[in-house]
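Here's the structure, in structure tokens; my notes come after.
Quick note: numbers below take in every heavy atom, side chains included, and nothing from hydrogens, waters or symmetry partners.
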Amino acid sequence: MTTINDIAELAGVSRTTVSRALNNSGYVSEEARDRIMKIVDETGYMPSQSAKSLRTKRSGVIGIILPRLSTETSTRVVNGINETLAKEGFQILLTDTELDKKKEIEYIRLLKSRHVDGIILLATNVNDELIDTIHHTGIPFLAIGQDLPGVTSLVYEDYHAASDLTNMLIHKGHEKVAFIGVDPADPSVGQQREQAYRDMMTRKNLTIKEEWVDEGDFSIESGYESMKRILKNSRDDKPTAVFAVTDRMAIGAMEYLKEQGYAIPADMAVVGIGASNMSKYISPSLTTVDYYNKDAGRKAAKMLLRQIKKENSDEKFDLTYRLIIRDSV
């Protein structure tokens with residue numbers, strides 16, 4: 001196996017000069033650098049990661065904690081993170097909590113024990129134990145999706161996006177709007193989106209019937225079941241539109257409506273949030289909100305890198321969105 005000493009001997013330079021050339025640190029003449037890099041290419045020399053870690057005091061690894069590895073949102077965010085970190089020579093280590101709050105804390109501690117250089121959490125809840133655990137990690141940390149006190153956070157404009165969706169439905173003549181939400185333990189998706197729906201309905205002097213409000217668990221199946229319950233509980237006075245807080249639940253609701261003979265949007269308009277690939281191809285295509293998830297991942301990586309490099313960084317950054325109006329309304 002070729003060592004850094006072998007490279008130095010073949011190039012006729014010191015070990016220190018080889019190290020400087022490989023790490024772009026310190027002065028090395030162009031002639032010497034070209035000679036070193038040619039020998040590196042010819043020998044296939046790979047610097048030892050452990051040696052590099054000892055020298056830089058970094059592992060070169062960033063831990064990422066996901067709520068669900070299988071979702072499009074997670075995939076897009078991770079793609080953006082990895083694209084940015086790879087350019088800086090970092091690798092990523094993925095963990096999946098499967099929406100288990102306890103696993104969020106377990107994985108933070110696990111990743112710290114693995115000496116990662118930083119952690120990015122796609123957060124689904126806010127609680128004292130989680131925040132306390134983060135504050136005691138002692139390493140750069142960033143949360144996406146929730147505004148965690150004292151933690152650098154990228155936050156989606158959930159309230160404004162949900163307000164815009166509700167207002168759009170009302171503007172199109174829907175005064176009876178049903179709502180499919182999620183557990184309020186998730187402040188952003190479970191609380192802010194529902195509060196925005198309720199506030200907009202109230203602002204427009206429209207009645208919210210509690211039998212039109214139901215709760216799912218992010219899955220297509222739960223959207224299907226929620227829509228079934230809403231219609232069952234409102235036999236005498238049915239809504240004309242339904243707002244589901246995720247695309248997957250909106251698609252489940254659409255499937256149930258179609259099974260029951262409802263025409264979408266003639267009999268019932270449907271909207272979701274997430275801009276999933278499926279939302280474009282389901283019939284009719286789904287009106288939704290695009291949160292630019294890949295851009296969010298890029299932004300998160302850049303903010304974490306600034307922490308690692310001990311540069312100034314925003315503690316909170318609000319992410320943008322756009323409304324995509326399609327055939328479901």
Side-chain angles (χ1 to χ4, degrees), residues 19-25 37 40 45-98 103-124 130 133-135 137-148 150-156 275 290-320:
S19 179
R20 286 175 179 171
L22 293 175
N23 294 288
N24 288 317
S25 61
M37 299 314 294
V40 166
Y45 170 72
M46 292 291 289
S48 165
Q49 181 60 47
S50 59
K52 185 178 180 182
S53 297
L54 287 172
R55 182 175 63 255
T56 64
K57 302 298 190 293
R58 293 178 185 169
S59 66
V61 178
I62 301 297
I64 302 176
I65 303 173
L66 305 172
R68 274 183 178 165
L69 187 59
S70 59
T71 67
E72 282 187 47
T73 296
S74 294
T75 300
R76 291 172 182 169
V77 172
V78 169
N79 284 343
I81 293 171
N82 190 48
E83 176 186 289
T84 302
L85 292 178
K87 293 175 182 176
E88 297 290 330
F90 287 89
Q91 296 178 322
I92 60 173
L93 177 60
L94 299 178
T95 60
D96 179 2
T97 69
E98 298 178 336
K103 284 186 178 180
E104 284 187 338
I105 293 168
E106 289 175 11
Y107 286 145
I108 291 170
R109 292 170 177 160
L110 172 64
L111 290 170
K112 181 182 179 181
S113 73
R114 296 290 181 89
H115 304 291
V116 296
D117 294 325
I119 297 174
I120 296 175
L121 167 67
L122 275 68
T124 58
L130 173 64
T133 302
I134 293 171
H135 287 163
T137 59
I139 59 177
F141 199 103
L142 184 138
I144 301 176
Q146 305 287 351
D147 187 3
L148 302 185
V151 179
T152 301
S153 304
L154 267 71
V155 183
Y156 296 111
D290 183 2
Y291 275 138
Y292 301 106
N293 296 123
K294 189 171 183 179
D295 287 343
R298 294 187 185 108
K299 179 68 177 177
K302 290 175 183 176
M303 290 175 70
L304 188 71
L305 286 170
R306 284 200 288 272
Q307 287 188 58
I308 292 170
K309 296 173 182 178
K310 302 187 184 305
E311 298 173 355
N312 291 332
S313 178
D314 298 326
E315 186 165 297
K316 180 183 174 184
F317 186 87
D318 293 324
L319 297 161
T320 58

### Derivation of the side-chain contact (heavy atoms from CB on, under 4.5 Å) call for T95 and I64
CA-CA 6 Å; T95 60; I64 302 176; over 6 Å; no
For the atom pair [atom1] ([X]) and [atom2] ([Y]), what is the distance rounded to the nearest 0.5 Å?
X    : Y    : atom1 : atom2 : result
Q307 : I119 : CD    : CD1   : 11.0 Å
L142 : E315 : CG    : CD    : 10.5 Å
L93  : Y107 : CG    : OH    : 10.5 Å
I108 : L130 : CD1   : CG    : 5.0 Å
I81  : R76  : CD1   : CZ    : 14.5 Å
T124 : R68  : OG1   : CZ    : 10.0 Å

### Query
Do Y156 and N293 have side-chain N/O donor and acceptor atoms under 3.5 Å apart?
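N293 and Y156 do have a side-chain donor-acceptor pair below 3.5 Å.
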What are the two closest heavy atoms between [X] and [Y], and how far apart are they?
X    : Y    : answer
I308 : D117 : CG1-O, 3.7 Å
L148 : S153 : N-OG, 3.3 Å
L122 : E104 : O-OE2, 4.2 Å
L319 : A296 : CD1-CB, 3.8 Å
P67  : T97  : CA-OG1, 3.4 Å

### Query
Any sub-3.5 Å donor-acceptor pair from T137's side-chain atoms to T133's backbone N or O?
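Not confirmed, T137 side chain does not pair with T133 backbone.
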### Query
Step by step, would you call I120 with I65 a side-chain contact (heavy atoms from CB on, under 4.5 Å)?
CA-CA 6 Å; I120 296 175; I65 303 173; over 6 Å; no
### Message
I'd like to know whether V151 forms a side-chain contact (heavy atoms from CB on, under 4.5 Å) with H135, so could you lay out the CA-CA distance, the side-chain angles of the two residues, the decisive distance to 0.1 Å, and finally the verdict.
### Response
CA-CA 8 Å; V151 179; H135 287 163; 3.7 Å; yes
If we only count heavy atoms from C-beta on, is the [X] to [Y] side-chain gap below 4.5 Å?
X    : Y    : result
I92  : F90  : no
V116 : I62  : no
M303 : L154 : yes
T71  : S74  : yes

### Message
F141 and side chain to side chain contact (heavy atoms under 4.5 Å, CB included): which single residue from T152, I134, L304 fits?
### Response
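Exactly one pass, corresponding to I134.
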### Residues D147 and K316 bridged, charged N to O under 4.0 Å
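Yes, D147 and K316 are salt-bridged.
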### Query
Given the rule in the salt bridge (charged side-chain N to carboxylate O under 4.0 Å, His left out) test, do K309 and E88 qualify, once you have shown the distances and angles that lead to the verdict?
CA-CA 12 Å; K309 296 173 182 178; E88 297 290 330; 3.4 Å; yes
